[in-house]
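Take a look at the structure below.
Quick note on labels: first sequence line is chain A, next is B, and so on, each numbered from 1. Hydrogens, waters and symmetry mates play no part in the numbers below; they use all other heavy atoms, side chains included.
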Amino acid sequence: MSAGASFYITTPIFYVNDVPHIGHAYTEVAADLLARWHRQAGEDAWLLTGTDEHGQKILRTATANGVTPKEWADRLVETAWKPLLKTVDIKNDDFIRTTDERHEVNAQKFLQHLYDAGHIYTGEYEGFYCVGCEEYKQPSDLIEGTGEFIGQQVCAIHSLPVELLHEKNYFFRMSTFADRLLALYEDDPDFVQPAAARNEVISFVKQGLSDLSISRSSFDWGIKVPWDDSHVVYVWFDALLNYITAAGYGQDDERFSRLWPATHIVGKDILRFHAVIWPAMLMAAGLPVPRRVFGHGWLLVGGEKMSKSKLTGIAPSQITDTFGSDAFRYYFMRAISFGQDGSFSWEDLSARYQSELANGFGNLASRVIAMVVRYCDGEIPVTTAFTDADAAIRATEIRVTDAAGEAISRLAIHEAIASVWELVDELNGYITTQEPWGLAKDPADRDRLDAVLFTAVRGLGTLAVLLSPVVPEACAKLWSALGGEGLVTDQRIDRAWEWTGGTHVSPLEALFPRIEATVG
RNA sequence: GGGGCGGUAGCUCAGCUGGUUAGAGCAGCGGACUCAUAAUCCGUCGGUCCCGGGUUCAAGUCCCGGCCGCCCUACCA
């Protein structure tokens, strides 16, 4: 984490046909939190997100809705996906759409480069085609036929026989990269994380790779293959390239070499595309592979993967409307070990909101600021006489700052927050033990009262800086109530304990007000 | 079929290369306090560590065999 270094982090790009649910928001928040953290560590952090807009499904949906695919994508980007970023307070530096000219043009350059270098050849794709679905089916999508189709494999959706079709396709020689990929996983054990994800990727590649069909000619909503415009690029091949086209590949070499390679945060369901296909593509192009690929877990509702069909899909706004974006961010980042599946429940969300945010952090801020207002007319005491108890708080501030930073460097977001919370808890205990309200009764204890309140205020300042990437809204309010200079987001997080802040506090509304009504 | 991960207090989870009486948070119960969003602090209750073998002076922690759950086994994003 050296200052000035670049930290480029990405989320997957959203397939515009989907409806935003908390899983999408979860990925965004995780990447955003990491980006904010690194930004506050003085690095040149750059968060990319965006949308994936090509492919047959989108064409089909658009047609069904009587609009062009581009119009359809425009609509969803504006009404669904960009609003999602606002809903959970994402501070992205860029938003790329695969229909952006910068993407299409440079993705073509990439493809042409691979073609010229001999990594692409003309082949024949053979597959089972369902006329009803108008697409190729995997054997696993087929079921045993019934009635007049007994003994045949039929489409699971249409229950009709599929046809074995051949189609001319362009293929990427991915198979030739298997050994280099395995060497990559071996040499850089952190390339794919967490370990469970790495294991799966390795065993997958060890089974041997076949070449990848990267073009389609049965529909035309996509990026044209530069040397053959009767083909469009396979959506995944197209989509993955967003990570470099957004960074200036093919267009701004200086910028590209400064930013790339990136850290990719993805759901484990699309891990393989990012940990196998994508690095193989980059190797073929002679570009550096990603810095690392982190596959996070799924959100489970009632022990099962969230799904629309089971009515367990939850829109992020359902949560933020009641609890706010900070609570959303805090809850999912704190309650779930990043990398593992995590269970979501309204009960757990409410419980953590109440005990950790409202009673823990929020109330700590309230009680400290209220006492400074009440006993010191809002003036933050200046003092130099500290006791062991004060020094212990100081030591904790430094310790958790270091521990949290170390955890973040391992992408252990939940551990980082847990570390910071040790300071929340310790400060609450400190105040109870020091009894500033008792000290305030006797003028002879004035110096001691000053030291206690100063220590508490400074501790709050440290918390505001450390928690800003997690709960940015609350921390901005707190920082300003503490009279801190500038923006809390400009305070160095790796030296969060360096309180230089204000002279006066101003009254603070509850950061996390009690929520009475039961939700869900 | 092959492979991965997991099964630890009511709930959510920690327990690294095996080693003192198995931990945390929340919930529950009791007490203290009053600055604060009836918040905070202290104490306390609570577990056959999925089951059965084995290795070892010693196993939640390693090995074998089961049972249960989730996931991967490629070109739908």
(request) Flag yes if more than 12 heavy atoms outside A:E186 fall under 6.0 Å of its CD atom; otherwise flag no. (result) no
(request) Tell me what A:G295 touches on the nucleic acid: a base, only sugar-phosphate, or nothing, going by heavy atoms under 4.0 Å. (result) nothing
(request) When you get a sec, tell me which of B:rA14, B:rU12, B:rA36 is the closest nucleotide to the side chain of A:A370? (result) B:rA36
(request) Would you mind telling me which of B:rC35, B:rC75, B:rU37 lies closest to the side-chain atoms of A:A510? (result) B:rU37
(request) Quick one: label A:F14 by what it contacts on the DNA or RNA (base, sugar-phosphate, nothing), any heavy atom closer than 4.0 Å. (result) nothing
(message) What contact category does A:A196 fall into here, base, sugar-phosphate, or nothing, at under 4.0 angstrom with non-hydrogen atoms?
(response) sugar-phosphate
(message) For A:K206, give me all partners under salt bridge (Lys or Arg N to Asp or Glu O under 4.0 Å), at least two apart in sequence or on another chain.
(response) none
(message) Which nucleotide wins on minimum distance to the side chain of A:S343, given the candidates B:rC13, B:rA74, B:rC71?
(response) B:rC13
(message) Can you identify which nucleotide, out of B:rU37, B:rA14, B:rC35, has its nearest atom closest to the A:M371 side chain?
(response) B:rC35
(request) Mind jotting down which residue pairs meet the ring-ring contact (aromatic ring centres under 6.0 Å, His included) criterion with at least one end in residues 190-223 of chain A? Sequence neighbours excluded, please. (result) A:H54-A:W221
(request) Answer with base, sugar-phosphate or nothing: what part of the nucleic acid does A:I277 contact at a heavy-atom distance below 4.0 Å? (result) nothing
(request) Run the numbers on A:S213 and A:N169 for side chain to side chain donor-acceptor pair (under 3.5 Å), then give the verdict. (result) CA-CA 6 Å; A:S213 159; A:N169 271 178; 2.8 Å; yes
(request) Locate the shortest heavy-atom distance separating A:I336 from A:H414; write the atom from each residue and the value. (result) O-CB, 3.5 Å
(request) For RNA chain B, determine which residues of residues 169-179 of chain A have any heavy atom closer than 4.0 angstrom to one of its atoms, and list them numerically. (result) A:M174
Report all interatomic pairs (protein N or O, nucleotide N or O of nucleotides 22-31 of chain B) with separations under 3.5 Å.
none

(message) Measuring from the side chain of A:F204 (C-beta onward, heavy atoms only), which nucleotide among B:rC75, B:rC71, B:rA74 has the closest atom?
(response) B:rA74
(request) Run the numbers on A:F332 and A:F344 for ring pair (Phe, Tyr, Trp, His ring centres under 6.0 Å), then give the verdict. (result) CA-CA 8 Å; A:F332 287 105; A:F344 166 84; 5.7 Å; yes
(request) Establish, with yes or no, whether the OP1 or OP2 oxygen of B:rC72 is under 4.0 angstrom from a side-chain nitrogen or oxygen of A:N199. (result) no
(request) Give one of base, sugar-phosphate or nothing for A:I13, where a contact means two heavy atoms less than 4.0 Å apart. (result) nothing
(request) Select one nucleotide: of B:rC72, B:rC75, B:rC35, the one nearest the side-chain heavy atoms of A:R374. (result) B:rC35
(message) Measuring centre to centre across the rings, with the benzene-like ring taken for any Trp, is A:F294 within less than 6.0 Å of A:F338?
(response) yes
(request) Can you sort out the partners of A:R514 under salt bridge (Lys or Arg N to Asp or Glu O under 4.0 Å), two or more places apart, ordered by chain and number? (result) A:E516
(message) If you only use heavy atoms from C-beta on, which nucleotide in B:rC76, B:rC13, B:rA74 is closest to the side chain of A:Q340?
(response) B:rC13
(request) Determine the interatomic distance between P on B:rG60 and the same-named atom on B:rA22; round to the nearest Å. (result) 10 Å
(message) Within the 4.0 Å heavy-atom criterion, would you say A:Y234 contacts the bases, only the backbone, or no part of the nucleic acid?
(response) sugar-phosphate
(message) I'd like to know if A:N363 reaches the base of B:rA36 with its side chain such that a donor and an acceptor end up less than 3.5 angstrom apart.
(response) yes
(message) Let's see if you get this right: which residues in residues 429-445 of chain A place a heavy atom under 4.0 Å from RNA chain B?
(response) A:G429, A:T432, A:W437
(message) Using a heavy-atom cut-off of 4.0 Å across all strands, would you classify A:F512 as base, sugar-phosphate, or nothing?
(response) base
(request) Describe the nucleic acid contact of A:W298 in one word from base, sugar-phosphate, nothing, applying a heavy-atom distance below 4.0 Å. (result) sugar-phosphate
(message) Measuring from the side chain of A:K57 (C-beta onward, heavy atoms only), which nucleotide among B:rU40, B:rA14, B:rC76 has the closest atom?
(response) B:rC76
(request) Mind checking A:S210 for me? I need base, sugar-phosphate or nothing, with any heavy atom below 4.0 Å counting as a touch. (result) base
